[in-house]
Student: 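Got a structure here, written out as structure tokens. Questions coming.
Within every chain, numbering begins at 1; the chains are lettered A, B, ... in the order of the sequence lines, protein sequences first and strands thereafter.
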2 protein chains.
Amino acid sequence: MTDQTDIQEPEDETDDFGLPARLFDDVLDAIEAGDAVAIDALFEPLHAADIADLFEQIDQRDRRSLLALWKGGMDGEILSELDDNLREEIIAALAPADLALAMRELESDDVVDLVEDLDEAQQEQVLASLDATERVAVEKALAYPEYSAGRLMQVEVVSAPVHWSVGQAIDFMRANEALPEQFYHVILVDPRMKPQGYVTLGRLLSSRRATKLVDLAEESFRTFRLTDEQGAVAYAFNQYHLISAPVVDADDRLVGVITIDDAMEVLDEEHEEDILRLAGVGGESELSDSVIETTKQRFPWLAVNLVTAILASGVISLFEGTIEALVALAVLMPIVASMGGNAGTQSLTVAVRAIATRDLTGSNVWRVIRREIMVGAINGLIFAVVMGAVGIVWFGSPMLGAVIAMAMVVNLVIAGLAGTGIPVLLEKLGVDPALASGAFVTTVTDVVGFFAFLGLAAVLLL
Amino acid sequence: MTDQTDIQEPEDETDDFGLPARLFDDVLDAIEAGDAVAIDALFEPLHAADIADLFEQIDQRDRRSLLALWKGGMDGEILSELDDNLREEIIAALAPADLALAMRELESDDVVDLVEDLDEAQQEQVLASLDATERVAVEKALAYPEYSAGRLMQVEVVSAPVHWSVGQAIDFMRANEALPEQFYHVILVDPRMKPQGYVTLGRLLSSRRATKLVDLAEESFRTFRLTDEQGAVAYAFNQYHLISAPVVDADDRLVGVITIDDAMEVLDEEHEEDILRLAGVGGESELSDSVIETTKQRFPWLAVNLVTAILASGVISLFEGTIEALVALAVLMPIVASMGGNAGTQSLTVAVRAIATRDLTGSNVWRVIRREIMVGAINGLIFAVVMGAVGIVWFGSPMLGAVIAMAMVVNLVIAGLAGTGIPVLLEKLGVDPALASGAFVTTVTDVVGFFAFLGLAAVLLL
């Protein structure tokens, strides 16, 4: 961040764009002192996103005091930036008049984003605080399916008849008071409002007034339907480097526009969801969630894991006699299972990501599976040699070394196969592979690991 | 995707924006038939990103035949979209004249992105294919540190003296042949080229010619330094909803501009890296990597895991006598370790993500750690009851049930503590928590799990 200019106050004084630790201390001091003036002064230069982060990072008691001191300061942009649970907490604490004030400056898509996860009573409360036109727009958006392009788009669009010239478009925009805050294209429409192409503002600005808009239209032009999934929209923005794109209804008429910042947010959320789901955490988890909420998010995966762990124990119990005869087996058996679990996780994470980015498809799935199996075999052989040596050195038994080595190769090959095959299969069955693959893959590697090691031991050692 | 208009051919016929499976078959058929005309016809309507995906998804032999058939078709945009290893493979196969042709249409930042990961010989080859002005620009960018804003920015900027009017800016742009392909702001500069603010193209277009640019300047204005890290730049774009931002040199002079699509790409790459590193896969992994490359990426983490697994086995071996006396312990012990490992992974994934998004800071770390410990305790107690029952039903021993129950609580609490504490500590030490936390946390939960369970068993059962 550089020093700012005389046009504009600095918004942030850190080098690192995060919130400076000092700011927290100052805010907490001001809360303790009940100093509303100091709070105003501290918050004044901050971006809404930073104020939201600050609210998220202090504890609930401080948050309540802060809100009481900073009455009327809370605005719609900050509410938009807050975690869902805190947004509910704060909306509940706002007087209806303050809420209406806070909503005033938001565009319809931001209001939709803000209210769609609220409970019904709060949703009503926010909708009641909007003026009539905006309420209608928001209610219309909420009628589209969740996670659809219709919910993501803004209805404020800039369009022009396809036969217009640059001069006509500029005159129209100069005369129009209600242009959206940010827009990047003028969308060309036919008389029935069907999009025919679009022109970037840069080309518009750099062309003579007499030039026809249609001659400036971008070569590449994509539209989305109201019902397209947000994930597919985000994928297309990322894949085709889109900046904004029109949304059309079932009759192909222009009804809104999606911009890159909305798509970026969806992509970010999907990434977050994938990473958390892979780790067995509910995708909705936030750092500001309470102990109870967090426990509920973590519990289901641990419960699934308990069942798979008991299943693996069942395999071990088949070999109680073998272990009794040679207790070294009990010492070594977790190594085989653990290596298989880790190799399986590697394969499945790569597969889950590649499915999400549409790089893993029917056309290359067998080649990838073959690759993963060979990788498992090679790594398995290397670690087999190491573990064979450990078996000999530690327990003085070459045969024990051979058994663990063989089990290692078997389990790493199976890990490669299951780690790729299971996510692909789940995807085909319509189950989110990020959510469910881990449990299946670990079960396979645990069961195969214990069975191969103890089974081979029972046959070869006793 | 809707039907396209008469201005423009459809680029993609699937609903789902991916590549249709039929296209693969058609391309493979055309390759087999050696039909260059068919290849041209199939590729003509495709976006460069889709052609790159197609090259990535077919196997190496087909790729070579395709390249031979499609000579001269390969362009810079496709090269930009390819995975690193394939890009190298294909550049190596291109004649110098074809390479020069392919590079012609790219802007300097795209060329930088394309060459920065090539080996030195290929880098030279690409640089030699550029015209002199562009080569200088690219070489200058490559002199900035890796992962710096300097490498990410484009040097093509649109700026205007701070005292200009809208009319002057429009006339200037109309007269200027070499405007960048995409730009979103006119940057206002003082006579020494220091940025003073910026104006969105939308406001410029909708304002009268006589209006002063300075009166249209955006309220919020951020600049980056050449040496700022790309990760910090991407964070700022995401946090503050930036569309484009100027980059300045050490003297605060305007030297380039970073746009949201570049930032989106960095964010995407960082996400990908985090998710892969958390799973113990090198962040550079691509689905098109060979068996040998993949084996190398996977090996280090498995090797680390082997060491930690042996460490855990060492703990078990301390209790060989205990296990010999009661073999049920060997059957049940993996359950405690596995539950701890999973709970630890949940905590650490949440912590690693929160560190990346700067939501977990010095101001809330203790509150988060407290939360994780309490979540561990509550889940631990629930599973303790379940496992106590399993111990009684399966092995008919209430005391064995009690031992596994106690060990479960201990390990889940420790998992919460280690899962949050270790990533935070690693971050403080300057180590990437995504990369290293997993090994440490699993070691802790394995060692504690086995020790608590077998130790309590030794004391209470024998």
Student: State, with a plain yes or no, whether a side-chain heavy atom of A:M408 is found less than 4.5 Å away from one of B:L306.
Tutor: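 Yes; the side chains approach each other to less than 4.5 Å.
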Student: Who wins among B:E56, B:E272, B:M374, B:M387 for the most heavy-atom pairs under 4.5 Å with chain A?
Tutor: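 If we count pairs closer than 4.5 Å to chain A, B:E272 comes out on top.
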Student: For chain B, find which of A:V158, A:T357, A:T442, A:I335 contributes the most heavy-atom pairs closer than 4.5 angstrom.
Tutor: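 Answer, by heavy-atom pair count under 4.5 Å with chain B: A:I335.
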Student: Would you say A:R174's side chain and B:S206's backbone share a donor-acceptor pair under 3.5 angstrom?
Tutor: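 Answer holds: no.
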Student: Which value, rounded to the nearest 0.5 Å, describes the distance between A:M333 atom CE and B:M333 atom CE?
Tutor: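 So the CE of A:M333 and the CE of B:M333 are separated by 4.0 Å.
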Student: Excluding sequence neighbours, so at least two apart, what forms salt bridge (charged side-chain N to carboxylate O under 4.0 Å, His left out) with B:D274?
Tutor: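 B:D274 satisfies salt bridge (charged side-chain N to carboxylate O under 4.0 Å, His left out) with B:R353 only.
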Student: Which one wins on heavy-atom pair count under 4.5 Å against chain A: B:V281, B:L276, B:I275, B:L278?
Tutor: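 Answer, by heavy-atom pair count under 4.5 Å with chain A: B:I275.
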Student: At a 4.5 Å cut-off on heavy atoms, which part of B:A343 comes close to chain A: side chain, backbone, both, or neither?
Tutor: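 Both backbone and side chain of B:A343 come within 4.5 Å of chain A.
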Student: Report which part of B:F299 has an atom under 4.5 Å of a heavy atom belonging to chain A: side chain, backbone, both, or neither.
Tutor: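 Looking at B:F299, backbone and side chain both touch chain A.
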Student: Return the option, out of A:E177, A:R208, A:E324, with the maximum number of heavy-atom pairs under 4.5 Å with chain B.
Tutor: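 Ranked by contacts with chain B, first place is A:R208.
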Student: Could you pull out all residues at least two apart from A:F319 that satisfy ring pair (Phe, Tyr, Trp, His ring centres under 6.0 Å)?
Tutor: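 Ring pair (Phe, Tyr, Trp, His ring centres under 6.0 Å) check on A:F319 returns A:F451.
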Student: So which part of A:V386 gets closer than 4.5 Å to some heavy atom of chain B, the side chain, the backbone, both or neither?
Tutor: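 Side chain only.
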Student: Could you tell me the separation between the CG atom of B:N305 and the OG1 atom of A:T345, rounded to the nearest 0.5 Å?
Tutor: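 If we round to the nearest 0.5 Å, B:N305:CG and A:T345:OG1 are 9.5 Å apart.
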Student: Name the region of A:S313, side chain, backbone, both or neither, that has any atom closer than 4.5 Å to a heavy atom of chain B.
Tutor: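 Backbone plus side chain of A:S313, per the 4.5 Å heavy-atom cut-off to chain B.
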Student: Can you check whether B:D268 reaches A:H271 side chain to side chain, under 4.5 Å on heavy atoms?
Tutor: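 B:D268 vs A:H271: side chains touch.
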Student: Using a cut-off of under 4.5 Å on heavy-atom pairs, state which of B:F183, B:F383, B:F450, B:F237 scores highest against chain A.
Tutor: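 Most heavy-atom pairs under 4.5 Å with chain A: B:F383.
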Student: Do you know which of A:I378, A:I243, A:I170, A:N176 has the most heavy-atom pairs under 4.5 Å to chain B?
Tutor: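 Max contact count across the listed options: A:I243.
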Student: Under 4.5 Å from any heavy atom of chain A, what part of B:L179 do you find: side chain, backbone, both or neither?
Tutor: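 It is the side chain, since no backbone atom gets that close.
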Student: Flag the one option from B:E265, B:R203, B:E81 with the top tally of heavy-atom pairs under 4.5 Å to chain A.
Tutor: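 Option with the greatest count: B:E81.
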Student: Which atoms of B:S207 are under 4.5 Å from chain A, going by heavy atoms: the side chain, the backbone, both sets, or neither?
Tutor: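 Interface part for B:S207: backbone (N, CA, C, O).
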Student: How long is the span from the CD atom in B:E372 to the OG1 atom in A:T295, to the nearest 0.5 Å?
Tutor: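 Here the rounded value is 9.0 Å.
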Student: Taking every non-hydrogen pair under 4.5 Å, which of A:A263, A:S290, A:G280 racks up the most with chain B?
Tutor: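 If we count pairs closer than 4.5 Å to chain B, A:G280 comes out on top.
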Student: With a 4.5 Å cut-off on side-chain heavy atoms, are A:Y184 and B:L201 touching?
Tutor: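 Counting from C-beta outward, B:L201 and A:Y184 never come under 4.5 Å.
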Student: Identify the two heavy atoms, one from A:W394 and one from B:G314, that lie closest to each other, and give their separation to 0.1 Å.
Tutor: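 Residues A:W394 and B:G314, closest heavy atoms: CH2-N, 3.8 Å.
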Student: With only heavy atoms counted, which part of B:V186 is less than 4.5 Å from chain A, the side chain, the backbone, both or neither?
Tutor: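 Neither part, no heavy atoms under 4.5 Å.
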Student: Does any backbone or side-chain atom of B:V368 lie under 4.5 Å from a heavy atom of chain A? Answer side chain, backbone, both or neither.
Tutor: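 For B:V368, the side chain is the part near chain A, not the backbone.
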Student: In terms of heavy-atom proximity below 4.5 Å to chain A, should B:L360 be classed as side chain, backbone, both, or neither?
Tutor: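 It is both, since atoms from each part get that close.
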Student: Taking C-beta and beyond as the side chain, do B:D53 and A:R358 meet within less than 4.5 Å on heavy atoms?
Tutor: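 B:D53 does not reach A:R358 side chain to side chain.
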Student: Rounded to the nearest 0.5 Å, what separation is found between the OG1 atom of B:T361 and the CG atom of A:L287?
Tutor: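 Taking OG1 in B:T361 and CG in A:L287, the distance rounds to 9.0 Å.
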Student: Pick one of side chain, backbone, both or neither for B:A303, based on which atoms fall under 4.5 Å of a heavy atom in chain A.
Tutor: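 When you check distances to chain A, atoms from both the backbone and side chain of B:A303 fall under 4.5 Å.
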Student: Determine the option with the most heavy-atom pairs under 4.5 angstrom with chain A, choosing from B:I382, B:T349, B:L204, B:D359.
Tutor: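 Counting heavy-atom pairs under 4.5 Å, the top option is B:D359.
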Student: Less than 4.5 Å apart, any side-chain heavy atom of A:Q346 and any of B:Q297?
Tutor: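 They are not in contact (no side-chain heavy atoms under 4.5 Å apart), so the answer is no.
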Student: Is the shortest side-chain heavy-atom distance between B:L412 and A:R298 below 4.5 Å?
Tutor: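 Of all side-chain heavy-atom pairs linking A:R298 with B:L412, none is under 4.5 Å.
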Student: Once rounded to the nearest 0.5 Å, what's the spacing between atom CG of B:L302 and atom CG of A:N379?
Tutor: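 Between B:L302 CG and A:N379 CG, I get 5.5 Å after rounding to 0.5 Å.
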Student: With a 4.5 Å cut-off on side-chain heavy atoms, are B:T200 and A:E181 touching?
Tutor: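 Not touching, per the 4.5 Å side-chain cut-off.
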Student: For residues B:D289 and A:R371, determine if any side-chain heavy atom of one lies less than 4.5 Å from a side-chain heavy atom of the other.
Tutor: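 Sidechains of A:R371 and B:D289: in contact.
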Student: How long is the straight-line distance from OG of A:S317 back to CG of B:L332, given to the nearest 0.5 Å?
Tutor: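 That separation rounds to 9.0 Å.
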Student: A:Q239 and B:A49: which non-hydrogen atoms are nearest, and at how many Å?
Tutor: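 Distance-wise, the nearest heavy atoms are O-CB, 3.2 Å.
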Student: Based on non-hydrogen pairs under 4.5 Å, which of B:D446, B:L205, B:D190 is most in contact with chain A?
Tutor: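 Among the listed options, the one with the most contacts to chain A is B:L205.
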Student: By a 4.5 Å heavy-atom criterion (distance strictly below it), what part of B:T259 contacts chain A: side chain, backbone, both, or neither?
Tutor: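 For B:T259, there is no contact with chain A at all, as no heavy atom is under 4.5 Å.
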Student: Given heavy-atom pairs under 4.5 angstrom as the criterion, report whether the side chain, backbone, both or neither of B:Q182 touches chain A.
Tutor: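 For B:Q182, the contact with chain A is made by the side chain alone.
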Student: Is it the side chain or the backbone of B:L267 that comes within 4.5 Å of chain A heavy atoms, both, or neither?
Tutor: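 The answer is the side chain of B:L267.
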Student: Looking at B:Q57, is its backbone amide N or carbonyl O close enough to the side chain of A:R367 to form a donor-acceptor pair, meaning the two atoms are under 3.5 Å apart?
Tutor: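 It does hold such a pair.
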Student: Check whether B:V390 gets within reach of chain A through its side chain, its backbone, both or neither, counting any heavy atom under 4.5 Å.
Tutor: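 For B:V390, the contact with chain A is made by the side chain alone.
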